[in-house]
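Owing to the predicted nature of the structure, the values given are computational and were not obtained by experimental measurement. A, B, ... follow the sequence lines: proteins, then strands. Residue 1 opens every chain.
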There are 2 protein chains.
Amino acid sequence: MKSVYLLSCVFALIALFALVEVSGAEEDAKPLSASPIYGVTIPAGYRQWELIAPALEDAPLNELRAVVGNPKAADAYRHADLPFPDGTILVKLAWKRTPSKEFASATVPGAATTVQVMVKDSKKYASTGGWGFGRFVDGKAVDEAQHRTCFACHQALVRDHDYVFTHYAQ
Amino acid sequence: MKSVYLLSCVFALIALFALVEVSGAEEDAKPLSASPIYGVTIPAGYRQWELIAPALEDAPLNELRAVVGNPKAADAYRHADLPFPDGTILVKLAWKRTPSKEFASATVPGAATTVQVMVKDSKKYASTGGWGFGRFVDGKAVDEAQHRTCFACHQALVRDHDYVFTHYAQ
């Protein structure tokens with residue numbers, strides 16, 4: 001009886017270690033959240049960055065948006081300093097547009113949808129106008145196919161503004 | 001002839017001084033931009049403050065808006081710390097909503113319309129929920145009649161959120 005008890009303990013311990021091991025592996029396997037192609041990540045502290053401008057995106061997305069920029073970005077905007085210097089980072093936050101519960105004529109942010117990042121590095125991203133792109137849903141980068149579309153659109157529509165759509169809201 | 005010339009010079013000098021005087025007076029008379037009733041002014045550096053949330057206001061105003069808050073405001077939002085502490089300042093920027101020239105489905109900020117300010121001082125503004133209000137167009141406070149409407153509406157609609165409409169956009 002004693003040996004059965006001991007054997008159970010050993011199995012329990014093995015199971016426990018295996019569990020810990022798997023959890024550890026899962027922890028390591030957590031998405032690094034670097035975008036395909038560009039390796040862009042969500043920058044720390046971006047939610048405190050200066051507002052560049054809010055925007056509204058029509059159906060089917062129906063989103064309220066806000067672009068914020070790091071100090072390099074904000075300085076460049078303030079001094080109309082194009083092209084943006086290396087180290088510029090722009091982050092676009094987006095939320096489902098939702099009717100305000102408190103004020104009938106107002107629309108306010110609902111659930112967050114995507115976070116989109118542009119990083120300026122004229123050497124690293126020389127083939128895409130000096131910009132690296134990242135598109136994230138729930139903190140995870142979306143797939144490569146989606147990232148293939150970023151630069152083509154920015155290049156086609158806003159090449160003359162250093163590939164950036166957003167203007168500073170004065 | 002000489003005396004006429006001298007007299008002209010004297011008149012010219014008097015006219016010049018008068019002009020300088022008037023300009024100086026106009027400089028002094030520049031609106032202090034303190035709101036009626038509350039004496040609230042536009043706070044320095046607010047354009048760099050943290051975004052609390054963007055919003056959209058329907059017709060007839062048709063505005064894109066963004067509320068930003070000073071560090072006390074942002075901290076209070078982050079910690080869901082109601083009522084807001086004294087020293088909290090919220091600023092709402094507003095722009096005419098304008099179709100983006102670069103992206104058909106987007107609406108972006110056009111001309112700035114109003115800047116609206118709420119300042120928390122529970123003693124100074126005890127009779128209005130602890131809040132002082134300021135509404136500014138082109139940097140100048142609007143009239144007293146408009147300022148009479150602020151608290152009544154905030155009191156009627158968002159008393160339970162310390163008289164503040166805006167929620168933090170996560």
Among [options], which has the most heavy-atom pairs under 4.5 Å with chain A?
options                         : value
L157(B), L56(B), T98(B), L51(B) : L56(B)
R78(B), H161(B), K101(B)        : R78(B)
S105(B), G110(B), A55(B)        : S105(B)
E63(B), E50(B), R65(B)          : E50(B)

Euclidean distance, [Y] [atom2] relative to [X] [atom1], rounded to 0.5 Å:
X       : Y       : atom1 : atom2 : answer
Q170(B) : L93(A)  : CD    : CG    : 11.0 Å
H154(B) : F103(A) : NE2   : CZ    : 8.5 Å
L64(B)  : T107(A) : CG    : OG1   : 10.0 Å

Would you kindly confirm whether [X] and [Y] end up in one hydrophobic cluster when ILVMFWY residues are joined by side chain heavy atoms under 4.5 Å apart?
X       : Y       : answer
I37(A)  : Y125(A) : yes
L61(B)  : V91(B)  : no
L82(A)  : M118(A) : yes
V115(A) : V164(A) : yes
I52(A)  : W49(B)  : yes

Q: Mind listing the closest non-hydrogen atom pair of P109(B) and P54(A) along with its distance?
A: CD-O, 3.3 Å
Q: Can you see which heavy atom on V158(A) is nearest to which on E102(B), and at what distance?
A: CG1-CG, 3.5 Å
**Q.** Portion of R97(B) that has a non-hydrogen atom of chain A nearer than 4.5 angstrom
**A.** side chain
Q: Measure distances from Q48(B) to the heavy atoms of chain A and classify the residue's part below 4.5 Å as side chain, backbone, both or neither.
A: both
**Q.** Toward chain B, the part of H167(A) with a non-hydrogen atom under 4.5 Å
**A.** side chain
Q) Do other residues, nucleotides or ligands put more than 12 heavy atoms under 6.0 Å from the CG atom of D138(B)? A) no
Q. For chain B, which of A104(A), A169(A), A74(A) has the most heavy-atom pairs under 4.5 Å?
A. A169(A)
Q. Does the side chain of T166(B) come within less than 4.5 Å of V108(A)'s, by heavy atoms?
A. no
